[in-house]
Amino acid sequence: MPRSPVPVLTIDGPSGSGKGTVCRLLARALGWHLLDSGALYRAIGYAASMAGIDLSDAGAVTRCAEATRIRFRDPGDGGETQVIVNGHDAGDEIRTETCGAAASAIAAIPGVRTALLDLQRGFRRAPGLVADGRDMGTVIFPDAATKVFLTASAAERARRRHKQLKAKGLDVTLAALLHEIEARDARDASRAVAPLRAAPDAVVIDTTGMSAQAAADKVLALVHGR
Ligand code: DC
């Protein structure tokens, strides 16, 4: 009898939609692995910046993506995954807006996306995978059993990011964040390869005014309802 594939739950959506927190809650509740694909793009942006590579040089950035070794380490306290780039812990640097902007820029390069394809699919291991990103349901795991697209108003997403960054002691204004989020959304949605959009078979959940736990509960109901 053919073995049934390892189940995948894809959670796509723009930055600040609550994906990171919701995915951690889901992975814990289901006892599944977690793929934070945004951290991979951030790691490449980080590695390229550290190497002094011009981020608009598609060839050089692609070579950097092919050569960069990325590992995740679970801090074990329910916190954000630590990202180890070429053996070095990228620390909080990887979560900054600067690194997010670099990630968004290099994510538009087709060679970078190809370089990360097998690495991402390799996270699909029993008993299951929660995949967090922009193209998890459309490109990476098109056969996923459950696909969700999380969204929220830009103002709400900027407020959430502001709270997160302030808690980390990072100093950014709400207005600057809103501007950055809108610019990043536009870039992610308009790029030629794997643009940010909901898969036709994804369930769209607007999390504006909703807690992360409430959003996770909605998704769990979808997973268990199948
Ligand atoms: O989710 P995040 O903010 O960590 O993602 C950082 C950037 O990486 C985001 O602006 C777009 C890009 N990205 C992508 O293109 N595809 C993914 N699957 C995940 C992230």
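This is a predicted model, so every value here is computed, not measured. One is the number of the first residue; the rest follow in order along the sequence. Both ligands and their constituent atoms are indexed starting at 1 by order of listing.
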Report task. Taking salt bridge (charged side-chain N to carboxylate O under 4.0 Å, His left out) as the test, write out the residues that go with Lys168, two or more places apart. Result -> Glu80
Query raised in the report: Does any N or O in the side chain of His162 come within less than 3.5 Å of the main-chain N or O of Thr173, such that one atom is a donor and the other an acceptor?
Result: no
Requested in this report: Only counting residues at least two apart or in another chain, list the ones meeting salt bridge (charged side-chain N to carboxylate O under 4.0 Å, His left out) with Asp201.
Outcome: Lys147
Query raised in the report: For Glu156, what residues pass the salt bridge (charged side-chain N to carboxylate O under 4.0 Å, His left out) criterion, not counting sequence neighbours?
Result: Arg159, Arg160
Report summary line: Within the heavy-atom cut-off of under 4.0 Å, ligand 1 is lined by Lys19, Ser37, Gly38, Tyr41, Arg42, Ala103, Ser104, Ala107, Arg113, Gly133, Arg134, Asp135, Met136, Arg184, Asp188, Arg191
Query raised in the report: Cut-off 3.5 Å, side chains only: do Ser104 and Arg184 have a donor facing an acceptor?
Result: no
**Report entry** Electrostatic pair Asp143:Arg121 at N-O distance under 4.0 angstrom
**Finding:** no
